[in-house]
2 protein chains.
Amino acid sequence: MAIWLEQASGDFETRFAEFLTTKREVSEDVNAIVRAIVDDVRTRGDAALVEYSQRFDRVDLHEVGLRVTDAEIDAAFGQVDETVIEALKLAAERIERHHARQMPKDDIYEDALGVGLGSRWTAIEAVGLYVPGGTASYPSSVLMNAVPARVAGVERVVMVCPATGGNINPAVLVAARIAGVSEIYRVGGAQAVAALAYGTETIAPVYKIVGPGNAYVAAAKRQVFGTVGIDMIAGPSEVLVIADAENDPDWLAADLLAQAEHDAGAQAILLTDDRSLGEAVEKAVERQLKTLSRSETAAESWRDFGAIILVDDLKAGLPLANRIAAEHLELAVADPDQLLPGIRNAGAIFIGRHTPEVIGDYVGGSNHVLPTARSARFSSGLSVLDFVKRTSILRLGPDQLRALGPAAITLANSEGLDAHARSVSIRLNQG
Amino acid sequence: MAIWLEQASGDFETRFAEFLTTKREVSEDVNAIVRAIVDDVRTRGDAALVEYSQRFDRVDLHEVGLRVTDAEIDAAFGQVDETVIEALKLAAERIERHHARQMPKDDIYEDALGVGLGSRWTAIEAVGLYVPGGTASYPSSVLMNAVPARVAGVERVVMVCPATGGNINPAVLVAARIAGVSEIYRVGGAQAVAALAYGTETIAPVYKIVGPGNAYVAAAKRQVFGTVGIDMIAGPSEVLVIADAENDPDWLAADLLAQAEHDAGAQAILLTDDRSLGEAVEKAVERQLKTLSRSETAAESWRDFGAIILVDDLKAGLPLANRIAAEHLELAVADPDQLLPGIRNAGAIFIGRHTPEVIGDYVGGSNHVLPTARSARFSSGLSVLDFVKRTSILRLGPDQLRALGPAAITLANSEGLDAHARSVSIRLNQG
């Protein structure tokens, strides 16, 4: 039973504001534990990785080795269905083609004064990719993180993944090879993040770490931030389905449940101008819930965080959508192009009744790493831009320095920075 | 006395590696204090701002008001030299013109299958800009942060600045108006960051907070990260001057000191292939130091963190430059274009003997907010991109869903996500 929020009702604003600030995650304070692990790996390197892997993942790295070998990856191809391998290849190709368009272009130019200005983009040299173990070990996520890094030109894409009980999901290894990952290490948790940030005897350090993980991994990423770059800390995912009356309730129910089954903290929201559609979707959700293998998770998410928002008309609902700033937004309406311009805050928009969000999870070509927890108001999904950095360029000759120098001296003096002023004036006087 | 590091000497690699990891900042643990302030502002709003301002800035906000009025800004124009106002206007114009080129373009297209894909960029609606009080209250920084936000299309650019002892630097108010800041509040510290993130009765919340600040401000920004976006936490600044023999040592000394005078933790490095130039620059630094109003700060920085790196030839020195990944890099050489392609990690490059870094601080047009502490290996300076966000777009019709759907179902099933698979299959079966 999701909650109903009706725009026409008197207490709507209060209830909606409250709904927006509902916390969907228990924040575990694991900082002290993580701090100790990070420091230990920094000091003792591989030896610490061996110990923590024994303790947390019940795997003896002395026996199986820290680095996953080429032969093991070859073997993984034999353990994965051919149709899955083909689907991963299709997905990787589409992700690669789409992301290649995101590569920013250098812009070097001269202005009217003859000052040379510009932006030059270069790839980050080495990037680490965290891949969770167990049930959250998704090959699709390997593609979504690693392919854009390769497209950007990152030379070393270093994957870490815990071998929980000795095993790594073979589909993850297959995806890693398809995506062009350069090195794979059998280690997870805060210890893996520390190894990527500071390096060990076996693992050379990287400059940025991306990829999802549990509370320990997230805390470790926050702690090493500064020494290396990190991506956004992902929260539980969410979908907002904007739907008119002309929808098959079963289709929408499936879309809502596709979010809900991810995590008990996930959030599925239907926004509609048709009360009977809302009621029909609600019934369809209840019906479909019974048949899911992850029905407990999905039911919990739908019960605790699911919502049906009833609006007077869909256009009037868009400001609500912008306040929700959903990670995923579906436009299941007859004329989506009428609503599209009014949507400002969303990680990704799925247009029309034949674009279920799930296509974007796998084979659409766009990235499925998207801003959660309303952060689409100020941040973007993963892209090639996350794997490059910009250097700005400035070039003056004596003439340009004569033209701009006096203003720089004026400002330096007004800020009380003598050496700043001198660095310009000394050139003007002697030039 | 800066240290000398000579590439030809046997222990160079060890000493250089150690040099790279030298900490230049004392990290104060102010998290608990900041947590209490942030919570208090979140709970009590304006009343808390009034109390903290009384305590930390010795200013009675009941008396002078939280918001800076238009009349006060008008008055500020009367208190600032006309030449400074003109220089600020010149700087703002140049920053605006350069940053306008950074605006990313939407890219909406159809692929060979007829799948609609795309990236759509929109401005963040409201951004907060922290401006420190006292001596670190730089009008140039107001321009560097606010102008790109305005260029991006941010509607509300909200500035906060502590009125230490009742005063705000009038040049900061002038710069704010020139840059198009929408609202200015007389509050600083962690309390100002909390007010921007959560809002109070007077200050409506923003979605992202940028700008430099002390340890309390930095800790507050880290704490509210997630609720709002933040920019990089800036460390003390640094310059690397790459110089051949044909330089005037006094020019280079002035450039090195222009960094050193910022902060005792700032770092100025000369990399040259000419020992006698290095020695001459060292002498010039000692000489110039005596005449600076901030000579104590500059001397401390140069003594503790300054360095002269002697290399066999400048090209062989570039890998060292890339490991240093300096915020600012000057190429004071006869043929800078020969070295330029070899530089991968730098926040900004200043090309040729007539491009002192200081021009970039004020009137070059490029941004002076740049990655410090070696983070140019993985991050970029402030730009229009920091004030926009990207929404990705996906659009399939029945044909495209038939083409891509089966692969999505395969991957969803292999990841054990039933509702994901159903969300596609239900459309294929009924479509």
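The figures here come from the full heavy-atom set of this structure, side chains too, leaving out hydrogens, waters and symmetry mates. We name chains A, B, ... by the order of the sequence lines, and we start the count at 1 in each one.
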Heavy-atom distances under 4.5 Å only: say whether [X] touches chain B with side chain, backbone, both or neither.
| X | result |
| --- | --- |
| A:A298 | neither |
| A:T291 | both |
| A:S383 | both |
| A:L90 | side chain |

Among [options], which has the most heavy-atom pairs under 4.5 Å with chain A?
| options | answer |
| --- | --- |
| B:F387, B:Y138, B:F350, B:W121 | B:Y138 |
| B:L331, B:L257, B:I359 | B:I359 |
| B:R294, B:R374, B:R101 | B:R101 |
| B:V388, B:V228, B:D361 | B:V228 |
| B:L385, B:D81, B:L113, B:T227 | B:T227 |
| B:T391, B:T122, B:L401 | B:T391 |

Query raised in the report: Side chains of A:Q400 and B:H354: is there a donor and an acceptor less than 3.5 Å apart?
Result: no
Taking the side chain from [X] and the backbone from [Y], do they hold a donor-acceptor pair closer than 3.5 Å?
| X | Y | answer |
| --- | --- | --- |
| B:K208 | A:S379 | no |
| A:S423 | A:A419 | no |
| A:E261 | B:D418 | yes |
| B:N367 | B:G381 | no |
| B:R94 | B:V363 | yes |
| B:R427 | A:R353 | yes |

So what's closer than 4.5 Å to chain A heavy atoms on [X]: side chain, backbone, both or neither?
| X | answer |
| --- | --- |
| B:S295 | neither |
| B:S119 | side chain |
| B:D111 | side chain |
| B:S140 | both |
| B:V115 | side chain |
| B:E86 | neither |
| B:L329 | neither |
| B:L256 | neither |
| B:A376 | backbone |
| B:A260 | neither |
| B:L417 | both |
| B:P139 | both |
| B:I409 | neither |
| B:S366 | both |

Report summary line: Here the gap from B:I108 atom CD1 to A:L340 atom CG, rounded to the nearest 0.5 Å, amounts to 7.5 Å
Query raised in the report: For the atom pair NE2 (A:H420) and CG (B:D255), what is the distance rounded to the nearest 0.5 Å?
Result: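 Reported to 0.5 Å precision, the distance equals 10.0 Å.
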Requested in this report: Assess the pair B:H328 and B:H368: is the distance between their ring centroids shorter than 6.0 Å?
Outcome: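 That pair fails the under 6.0 Å test.
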Using side-chain heavy atoms (C-beta onward) and a distance below 4.5 Å, is [X] in contact with [Y]?
| X | Y | value |
| --- | --- | --- |
| A:N322 | A:I343 | yes |
| A:F378 | B:V127 | no |
| A:L292 | B:R422 | yes |
| A:T83 | B:S414 | no |
| A:R377 | B:I124 | no |
| B:N345 | A:K389 | yes |

For each of [options], tally heavy-atom pairs with chain B at distances under 4.5 Å, and name the one with the top tally.
| options | answer |
| --- | --- |
| A:A408, A:A253, A:P356, A:A421 | A:P356 |
| A:T355, A:V358, A:L394 | A:L394 |
| A:E125, A:E357, A:Q102 | A:E125 |
| A:G352, A:G347, A:S375, A:G118 | A:G347 |

